[in-house]
Amino acid sequence: MSLPIVHAHEWDVSTAEARTIQEQLASKVQTTHLDETYDRPVRTIAGIDVSIRGGIAQAAVSVLELPDLSVAAESVHRCDIPFPYVPGYLSFREMPAILPALDQLAQDMGALPDVLVTDSQGRAHPRRFGLACHLGVVLNHPSFGVAKSILTGEPLGTLSTEKGSTVPLVDGDEQVGVALRTRANVNPVYVSIGHRITLEEAIDLTLRVSPRYKIPETTRHAHRLSRQET
DNA sequence: GCGACAG
DNA sequence: ATCTTGTCGC
């Protein structure tokens, strides 16, 4: 069974149209707990990354099993770059490559991994609809984003240097995510929810898959995969 | 108008 | 993101 939504999306849009799509889909984001989706602990988590080379986008997904973080599956998909890089519209550039890769993965595994993680913002976005939200809503699947820098908002207060410490990431009067220290004395990452997950759960998962490095192991694997030649 | 700006 | 070697430091 493939993911029907993969072929049901129109990505050839203008920035103005993309903005309208984001504003309309942003209201569909669900902030429910993972236990409303699963009656068991999270077992698989997918790291997703896209590399751009020579006008071609290559998306890679690597699935890790919890709690041991062993690699359970991988998938890669290439396509032409459909959209330029415009801050705030990353999903329109990367999702056309990501969705087919996830489709293939779902066929290989029989289902999507429990949670999807992307190198991006989720709700910490000008219209509260970053790539992590877009992916989650389109697939109606739990997702969240882990970014290395801020797109919008600012840390509320000073983050202590200890591993696991957090500080709210606020945009105007609302909290859109957190700055999270995944390792002592290294720059923080910015975590925000995508869909069907809580910020607390996203933070917990990020720490569980980042026992050695600043960024999640899922992301490291996917990043290397996405840069592989063929 | 000026500066900021995920990957 | 990508172009790219060595190097300083825990």
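We name chains A, B, ... by the order of the sequence lines, and we start the count at 1 in each one. All of these numbers come straight from a predicted model, not from anything done at the bench.
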Quiz item: For A:R93 and C:dT2, what is the distance between atoms CZ and C1' respectively, to the nearest whole Å?
Solution: 10 Å
Practice problem: Just call it for A:S120: base, sugar-phosphate, or nothing, with non-hydrogen atoms closer than 4.0 Å on any strand. | Solution: base
Quiz item: At under 4.0 Å between heavy atoms, what does A:L131 touch on the DNA or RNA strands: base, sugar-phosphate, or nothing?
Solution: base
Quiz item: Is the distance from OP1 or OP2 of B:dG7 to the nearest side-chain N or O of A:K148 less than 4.0 Å?
Solution: yes
Practice problem: Give one of base, sugar-phosphate or nothing for A:R227, where a contact means two heavy atoms less than 4.0 Å apart. | Solution: sugar-phosphate
Quiz item: So what does A:L90 touch, heavy atoms closer than 4.0 Å: a base, only the sugar-phosphate, or nothing?
Solution: base
Practice problem: Taking only the side-chain nitrogens and oxygens of A:H125, find out if one of them lies under 4.0 Å from OP1 or OP2 of B:dC5. | Solution: no
Quiz item: When rounded to the nearest 0.5 angstrom, what is the spacing between NE2 in A:H223 and CZ in A:R220?
Solution: 10.0 Å
Quiz item: Is any side-chain N or O of A:Y190 closer than 4.0 Å to OP1 or OP2 of B:dA6?
Solution: no
Exercise. Describe the nucleic acid contact of A:F83 in one word from base, sugar-phosphate, nothing, applying a heavy-atom distance below 4.0 Å.
Key: nothing
Quiz item: Does B:dA6 have OP1 or OP2 sitting under 4.0 Å from an N or O in the side chain of A:T152?
Solution: no
Quiz item: So what does A:H223 touch, heavy atoms closer than 4.0 Å: a base, only the sugar-phosphate, or nothing?
Solution: sugar-phosphate
Quiz item: Just how far, in rounded Å, is C1' of B:dG7 from CG of A:D119?
Solution: 8 Å
Exercise. Remember a base hit wins even if backbone is also touched, and classify A:G88 as base, sugar-phosphate or nothing at under 4.0 Å, heavy atoms.
Key: base
Quiz item: Are A:H221 and A:S62 linked by a side-chain donor-acceptor pair shorter than 3.5 Å?
Solution: no
